[in-house]
Chemist: 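Handing you a structure now.
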Amino acid sequence: MNHSILHKLIVVISLFASSNIAAQVGEPNLKWGHPTQQELQMTNYSPDPNADAVVLCKTTDVQYVITKDVLQVRYDVKGRIKILKPEGSQHANVDIYYTVNDGVEGNREEVTCAKGATYNLVNGTLEKSEVTSNMISTHKALDPKQKVMTILFPDAKAGSVIEYEYSILSDLYREVKDWEAQCEMPVAYTKYDVTIPEWFGFYVQTIGNEYNNSHISQQRTTKRPIYVIETSGAEYECLGVNFEFEGRKLTPLKNEPLIFSPKVYAQRVIIDINTETLPRHTKHQYAMTWSEIDQHLLKHNNFGKLLNSNPLKKEMKKAGIAQIKDEDEKIMATVKLLRQHVKWNGKYELYGTSPSQAVKTGRGSNTDINFMLIAMLNDAGINAYPAVLCPRNIDIIDENHPTMKNLTSTIVVIDRGDRFQVFDGSVENATIDILPTTFLVGKARVIKKDNSNPWINLEDRGIEITTHKITGDIDQNGKLSATCLSTYHSKAAELMRKAIKSSGDECPNNKLQSSTITIHDYKSQGVDNVETPVTEIVNFSSQLNCNEGAITLPQLIVPFIDEKLFKSDVRYSPIEFPTKVNETIDISLNIPDGWEVADVPAPISLNTSDKTIMMSITPSTTGNSVKVSTQLSINRLVFSKQDYKGIKNLMERITKQSKEPFIIKQKI
């Protein structure tokens, strides 16, 4: 590794939260097994007064070790948590995730030395309750390659301090685990100490939502030999490159509305190893550039080698797909044929499996289906390629740091000359160019030979386009009888098809789910034809406020936005809209004969400074009817948490205005 690069990387970095967080008094207590009187008596964490628990201190030490001539990585973790409120007792357990890989030797991890204790002050006396073996359990994780060890702490309650420690011994020496500084609790202090042998080339990356005022506070390299290996009487010394990172007063990760996973934006340190030169071994270089990653995937038996495997050639010939002249028709005919033979099994994968086996069982992962479609389209004379990506709920691809760590799935990219179209095997209720919401990422990488323009933006491949037309009549008693005709296009059509299929005979239109609205009849069309919009016809009624010869009619009978999304005054994470949106609501209602509109609300039009969110409500009267024209467009998916207050204010103003009523009175 270049010495100037090493010099920049060998750092001690302090991570600070935003300047409006109060300073934490005192230095952390690093004497394990001895909580201080201040920690035991603590009732409130000043940087986050609403916190029900806080991580007082957590340290993670990572080093390489030799065990029976086998190179491994050992992670030593120690932590101390203060439970501040009764609700904080939910944090009185620690989950330890580790890799098992079906127990394959040389490719697994083991948790050792797991222990813990709860400390309580009882009548001024310190009582310690130790974790016993029956309080430690192991069970399967959602990822079949992993397990979870859970430590339960006895006698944990408001006021308790809990401590734990454990080690993970990992065979996966080429894959240093990411250090996650943040968690669901605020973190008063955390430290990461990692030493990488000089046998490895690597890069270090710090990312995260809290990384505001980081600075280099110290530089050093380890100059002493830290490893001695004896093999056939020979002795090898190895220098280690050491890094230390500190985090103080970090905010918690919250499960807030409009966020796929707060962990994506958490403060993290990533170490990616890209070369390996072990004693008495030749140098091994892993993919260091995106082009090398491309070539690795194209040569892989379960990736590039599957792109020409088409087990449905006979079926394509029988269907006459090669003779279809129109390319759009040919593409859709190929997609339909594939969908007839293979259904999605609910799994997202980076690598494929046997195409013939998927056809035989009728089930496959999204990538199994994607690879088959690529082969089928290429056989039909249409250029198609795979693209790799990281879903929004897992991580974000950094173009400047090539790595396969966060490449977890694929899509199909169809080359149409001046444009491209996309497809994913997990999408079953739409035509092409509609992707899952988690796949609407800013960067995906096309994998093909001689790739001159590999990066593509997928954020527009799932726009919700919806129109609602409400017409009806208001009688003299204020009863509204109306019909809502809704038309769903693009991503909105796919989502509505899913909702209709899962709702049975119930109306899935959430805009009409209100205690003030009674639904009398519901019909839908286009549910089974993915090439057409979905339409709904809903007949409903609602009793308006009618008092002393005046009827009060809110501008919007159905809500424009969900008020719960922007209820909180504080935002911890960026705002992630699931899709871009283009929605209109047009209302036309007849008022009773002999009545007139005495008061018409003022129109309102609001937008963000960059006009990526625009909303308007325009009320009017025409003859014996009232009309309202509304429009909402969201043309950006991700906003920073600093944008939250402005967007919240915009949404509150439009919601308030939507409730401003028409006043309808009897003519005198």
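We use all heavy atoms of the structure for the numbers below, so side chains are in, but hydrogens, waters and symmetry mates are not.
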Chemist: Near Lys147 NZ, under 6.0 Å, is it more than 12 heavy atoms from other residues, nucleotides or ligands?
Modeler: no
Chemist: Can you confirm whether Ile447 sits close enough to Val388 that some side-chain heavy atom of one is under 4.5 Å from a side-chain heavy atom of the other?
Modeler: yes
Chemist: Against the six-membered ring of Trp455, is Arg445 placed for a cation-pi contact (under 6.0 Å from the centre, within 45° of the normal)?
Modeler: yes
Chemist: For Ser640 and Asp643, which I'm curious about, is there any donor-acceptor pair between the side chains at under 3.5 Å?
Modeler: yes
Chemist: State whether a side-chain donor-acceptor pair under 3.5 Å links Glu464 with Thr579.
Modeler: yes
Chemist: Can Lys254 be said to sit on top of Tyr572's aromatic six-ring, NZ or CZ under 6.0 Å from centre and within 45° of the ring axis?
Modeler: yes
Chemist: Please determine, by modelled atom types, if Asn107 and Asp171 share a side-chain donor-acceptor pair under 3.5 angstrom.
Modeler: no
Chemist: Would you say the side-chain atoms of Arg392 pair up with the backbone N or O of Thr437, donor to acceptor, closer than 3.5 Å?
Modeler: yes
Chemist: Quick one: does any side-chain atom of Glu292 pair with a main-chain N or O of Thr289 as donor and acceptor, under 3.5 Å?
Modeler: yes
Chemist: Run the ring pair (Phe, Tyr, Trp, His ring centres under 6.0 Å) test against Tyr98 and tell me which residues pass, sequence neighbours left out.
Modeler: none
Chemist: Do we see a donor-acceptor contact under 3.5 Å between the side chains of Asp424 and Asn370?
Modeler: yes
Chemist: Report yes or no: do Asn429 and Lys501 form a side-chain donor-acceptor pair below 3.5 Å?
Modeler: yes
Chemist: Should we count CG of Asn255 as having more than 12 external heavy atoms under 6.0 Å?
Modeler: no
Chemist: Ring centroids only, cut at 6.0 angstrom: are Phe243 and Phe202 within range, meaning strictly under it?
Modeler: yes
Chemist: Can you tell me which residue pairs pass the ring pair (Phe, Tyr, Trp, His ring centres under 6.0 Å) test with a partner in residues 316-375, sequence neighbours excluded?
Modeler: His300-Tyr351, Phe303-Phe371, Trp344-Tyr348, Tyr348-Phe439
Chemist: Atom CD of residue position Gln525 - does it have more than 12 heavy atoms of other residues, nucleotides or ligands inside 6.0 Å?
Modeler: no
Chemist: Within the distance-only criterion (no hydrogens, no angle test), does the side chain of Trp290 pair as donor or acceptor with the backbone N or O of Glu399 below 3.5 angstrom?
Modeler: yes
Chemist: Is the terminal nitrogen or CZ of Arg416 (NZ for Lys, CZ for Arg) located under 6.0 angstrom from the six-membered ring centre of Phe420 and within 45° of that ring's axis?
Modeler: no
Chemist: For Phe200 and Tyr173, take the angle between the two ring planes, folded into 0 to 90°, and tell me which bin it lands in: parallel under 30, tilted 30 to 60, perpendicular over 60.
Modeler: tilted
Chemist: Between Glu531 and Lys336 (salt bridge meaning N to carboxylate O under 4.0 Å), is one present in this structure?
Modeler: yes
Chemist: Is atom NZ of Lys317 surrounded by more than 12 heavy atoms (other residues, nucleotides or ligands) closer than 6.0 Å?
Modeler: no
Chemist: Kindly say whether Ser409 contributes a backbone atom to a donor-acceptor pair with the side chain of Asn366 at under 3.5 angstrom?
Modeler: no
Chemist: Between the side chain of Asp368 and the main-chain N/O of Thr353, is any donor-acceptor distance below 3.5 Å?
Modeler: yes
Chemist: Around Asn453, counting heavy atoms of other residues, nucleotides and ligands shown, do more than 12 lie under 6.0 Å from its CG?
Modeler: no
Chemist: Would the number of heavy atoms belonging to other residues, nucleotides or ligands and lying under 6.0 Å from NZ of Lys405 be above 12?
Modeler: yes
Chemist: Is a side-chain donor or acceptor of Arg636 paired with a backbone partner of Lys611 at a separation under 3.5 angstrom?
Modeler: no
Chemist: Should the ring pair Tyr488 and His468 be called parallel, tilted or perpendicular, given that the plane angle runs from 0 to 90° and is split at 30 and 60?
Modeler: perpendicular
Chemist: Side chains of Asn393 and Ser261: is there a donor and an acceptor less than 3.5 Å apart?
Modeler: no
Chemist: Okay, side chain of Lys641, backbone of Arg571: is any donor-acceptor separation there less than 3.5 Å?
Modeler: no
Chemist: Can you tell whether the side chains of Lys523 and Glu536 come within less than 4.0 Å, N to carboxylate O?
Modeler: no
Chemist: Do other residues, nucleotides or ligands put more than 12 heavy atoms under 6.0 Å from the NZ atom of Lys263?
Modeler: no
Chemist: Going by atom types alone, do Glu109 and Ser170 pair a side-chain donor with an acceptor below 3.5 Å?
Modeler: yes
Chemist: Between Thr367 and Ser365, is there a side-chain donor-acceptor contact under 3.5 Å, judged purely by atom types and distance?
Modeler: no
